Amino acid sequence: MNYLDLDINLNEDDIALRQSAHRFAKEVMRPIAKELDEMTPEQVIAKDSPFWTFMKKAYELGYHKIYIPDTYGGLDLTPLQQAIIMEELAWGSVGLTVGLGVAGFFAFGGTLTGEDYLVDNFVTPFCECTDASIVGCWGITEPDHGSDTVMPGHPIFSDPNIKGQCRAKLDGDEYVINGQKAAWVSMGTVATHCFLFCQMDPSMGFAGSGIFTIPLDLPGVSKGAPLNKIGQRDLNQGEIFFDNVRVPKDCLIVGPEAYEVFLETTLSLTTASMGLYSIGIARAAMEEALEYAKNRIQGGKPLIEYPNVQMKLFEMFRKVETTRLMSRAAWNYNMNNTESAEEYSIIAKVHGTQSAYEVAHEAIQIFGGNGLSKEYLIEKLFRDARAMLIEDGSNDTLAISAGHKFIQTYPRMNDLT
Amino acid sequence: MGVYFKDQKHMYEFLEDLWKHIVFEAGLGEKLRAYEVSYRYKITDPDGYIYIDADNVITGEEANRDAVLRMEMSADTVVLFWLKKLSLPVALATRKIKAKGPIPKMLKMTPALKPIYPIFPEFCKKHNVPID
Ligand SMILES: Cc1cc2nc3c(=O)[nH]c(=O)nc-3n(C[C@H](O)[C@H](O)[C@H](O)COP(=O)(O)OP(=O)(O)OC[C@H]3O[C@@H](n4cnc5c(N)ncnc54)[C@H](O)[C@@H]3O)c2cc1C
């Protein structure tokens with residue numbers, strides 16, 4: 001379905017990208033996501049699962065490398081084009097889109113340094129991969145530390161009494177990693193590589209962490225069982241364990257000297273992405289409700305003719321459109337400034353995911369009893385949207401973190417002229 | 001004042017010579033044109049500007065103009081960066097380098113700038129920039 005884009009500067013390429021991503025979302029992602037939603041987590045990732053059909057098709061089309069520049073083998077996309085693709089794919093399935101997004105984090109990390117070791121070992125093979133045999137994940141949260149790990153800038157983050165459960169220590173020319181990451185690591189049990197955020201200097205609390213790009217086929221790495229959950233069931237998640245895992249020193253991208261700020265930059269992109277995904281899923285729920293309201297007859301006329309239904313649909317429409325404006329703006333700003341403004345991305349995440357959840361919730365109301373039935377897509381969209389309020393940081397703690405930042409930085413100046 | 005350049009004139013002579021070589025002789029110019037990239041560096045200690053695109057390498061006030069990628073850093077950071085004594089993500093995170101402009105374009109240019117690393121010490125020697 002096409003929609004009016006309020007951005008009057010979209011060019012032909014932007015529109016063509018939107019159309020092709022939408023086709024992929026509709027023809028490949030929607031049907032596969034529905035099938036996966038009804039499977040067990042083990043079935044979802046089995047060799048013959050349609051999950052792999054999706055992954056392979058996505059890799060063939062290059063959707064796994066939308067953040068990577070073409071000079072490394074990625075796509076030559078503008079920040080706006082990246083945003084458009086994220087929205088469309090999330091319209092097809094937010095769970096599959098998140099999985100595809102984290103799959104490339106470790107390679108994107110490699111492009112930030114441009115170091116030969118990372119480019120040759122990770123970035124180039126990932127970009128050349130067309131069969132989804134190279135899949136990354138983002139290991140940051142731990143069983144006892146969820147919100148603790150995503151609050152840079154807040155005093156909690158530098159509390160030396162808060163000890164990480166996954167640590168890296170330098171030993172000669174290698175780092176030795178011990179501990180584990182949470183069952184929530186997206187793509188955790190299928191990943192071949194990890195963008196690993198773990199503690200290095202516990203005296204600095206979580207601020208004393210570092211970021212590594214590592215392969216997961218090393219001795220000492222093991223995985224947990226895939227997680228079973230209410231929403232985004234098409235997104236594989238699971239623990240990763242490290243038992244004296246040795247990685248070359250060159251795998252380190254950023255150490256404790258710059259971790260906290262670097263994490264802010266990372267989160268300013270991941271939370272803005274969540275805002276962009278929110279547009280896709282909210283739009284999907286709104287369109288389902290609109291279509292249903294046109295066809296369902298009650299009191300002798302279609303639901304759409306009732307003013308309360310019209311008002312609900314307008315509220316949905318308002319939330320979709322404002323989410324698009326805020327999320328694109330935060331993404332665009334932070335993709336154009338190395339001094340990130342994380343609090344704006346958190347507005348995009350909190351506003352966007354809350355809106356997506358409310359839109360899906362109201363859509364179920366329009367569907368009546370049918371909204372609760374597995375017959376209709378809307379109940380899946382509702383469950384998927386619910387997970388987004390916690391995904392990539394609980395909205396509660398992100399609000400605390402962004403509130404803290406806002407108080408300290410407002411009015412924020414961009415002094416680079 | 002930083003440790004590597006005597007004054008602004010010394011820095012401008014060095015930077016102009018280096019960038020003119022890279023852009024016009026070593027082939028970077030073609031890439032800047034193809035990728036539609038221009039740079040404006042605002043430098044401190046000594047203070048100054050340099051602007052680079054496919055056809056121009058300009059220093060001084062005239063170089064303080066709009067560019068696709070606008071970078072800000074000290075003169076010492078410039079030298080340390082090209083000597084590979086500073087990693088880009090760390091320099092960005094610690095605000096030693098500030099950048100404005102599309103990050104995809106900035107990352108896209110990184111491989112094209114690689115040839116600068118090996119020749120950089122030679123240019124330092126030629127211009128008496130004390131890197132040893
Ligand atoms: C779908 C999904 C995908 C995910 N993908 C990944 C991934 O790829 N990689 C990864 O590492 N992790 C991932 N996560 C984990 C996610 O980042 C965490 O779930 C999230 O940060 C919250 O942590 P938690 O679940 O441990 O909740 P907790 O930290 O235990 O928080 C629970 C609640 O306690 C309250 N609370 C917590 N701390 C504070 C505080 N300081 N002040 C006030 N109130 C507080 C808040 O109300 C919060 O909602 C994912 C999660 C989901 C749901």
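Per chain, numbering begins at 1; letters A, B, ... match sequence-line order. Worth knowing before you read on, the calculation uses all heavy atoms, side chains too, and leaves out hydrogens, waters and symmetry mates. Note that the structure is a prediction, hence the values are computed from the model and not measured.
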Novice: Working note: B/L92 + A/E339, criterion side chain to side chain contact (heavy atoms under 4.5 Å, CB included); need CA distance, chi angles, decisive distance, verdict.
Specialist: CA-CA 8 Å; B/L92 290 171; A/E339 190 162 352; over 6 Å; no
Novice: Give me each pair satisfying salt bridge (Lys or Arg N to Asp or Glu O under 4.0 Å) with a member in residues 61-79 of chain A, each pair once, sequence neighbours excluded.
Specialist: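 As it turns out, the salt bridge (Lys or Arg N to Asp or Glu O under 4.0 Å) pairs with a partner in residues 61-79 of chain A, which skip direct neighbours, are A/D70-B/K108, A/D76-B/K108.
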Novice: Quick check on B/K105 against chain A: is it the side chain, the backbone, both or neither that has a heavy atom closer than 4.5 Å?
Specialist: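 Neither; nothing under 4.5 Å.
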Novice: Measure A/Q82 against the heavy atoms of chain B and call it side chain, backbone, both or neither at under 4.5 Å.
Specialist: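 Side chain only.
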Novice: Quick check on B/K31 against chain A: is it the side chain, the backbone, both or neither that has a heavy atom closer than 4.5 Å?
Specialist: neither
Novice: In Å and rounded to the nearest 0.5 Å, what is the CD1 to CZ distance from B/I103 to A/F108?
Specialist: 7.0 Å
Novice: Tell me which of these, B/D66, B/L69, B/L88, B/L107, has more heavy-atom pairs under 4.5 Å with chain A than the rest.
Specialist: B/L107
Novice: Please check if the number of heavy atoms outside A/E12 that lie under 6.0 Å from its CD is greater than 12.
Specialist: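 Counting neighbours around CD of A/E12, 12 or fewer heavy atoms of other residues, nucleotides or ligands fall under 6.0 Å, so no.
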Novice: Taking every heavy-atom pair that is under 4.5 Å apart, which of B/S87, B/A91, B/A93 has the most such pairs with chain A?
Specialist: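 The option with the most such pairs is B/A93.
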Novice: Counting only heavy atoms closer than 4.5 Å, note whether A/I68 contacts chain B via side chain, backbone, both or neither.
Specialist: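 Neither part.
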Novice: Quick one, B/P104 and A/M335 - any side-chain contact, counting heavy atoms below 4.5 Å?
Specialist: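 Sidechains of A/M335 and B/P104: in contact.
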Novice: So what's closer than 4.5 Å to chain B heavy atoms on A/Y333: side chain, backbone, both or neither?
Specialist: neither
Novice: Based on non-hydrogen pairs under 4.5 Å, which of A/I211, A/V119, A/L263, A/N336 is most in contact with chain B?
Specialist: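 Ranked by contacts with chain B, first place is A/N336.
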Novice: For a 4.5 angstrom cut-off between non-hydrogen side-chain atoms, does B/K84 reach A/E115?
Specialist: yes
Novice: Is it the side chain or the backbone of A/F262 that comes within 4.5 Å of chain B heavy atoms, both, or neither?
Specialist: both
Novice: Let me know if A/T113 has heavy atoms under 4.5 Å from chain B in its side chain, its backbone, both or neither.
Specialist: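 For A/T113, heavy atoms of backbone and side chain both lie under 4.5 Å from chain B.
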Novice: Using a 4.5 Å cut-off on heavy atoms from C-beta on, say whether the side chain of B/K114 contacts that of A/D116.
Specialist: yes
Novice: Looking at B/V90 and A/E257, what are the two nearest heavy atoms and their distance?
Specialist: CG2-OE2, 3.5 Å
Novice: Check whether A/N334 gets within reach of chain B through its side chain, its backbone, both or neither, counting any heavy atom under 4.5 Å.
Specialist: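 Contact with chain B: backbone only.
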Novice: Report, as yes or no, whether the 6.0 Å neighbourhood of atom CD on A/Q408 holds more than 12 heavy atoms from other residues, nucleotides or ligands.
Specialist: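 Yes - once you tally the heavy atoms of other residues, nucleotides and ligands closer than 6.0 Å, there are more than 12.
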Novice: Would you mind reporting whether A/T71 and B/Y35 have side-chain heavy atoms less than 4.5 Å apart?
Specialist: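 Sidechains of A/T71 and B/Y35: in contact.
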Novice: Do you know the tightest heavy-atom contact between B/T110 and A/G114?
Specialist: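 Looking at all heavy atoms of both residues, the closest pair is CG2-CA, 4.3 Å.
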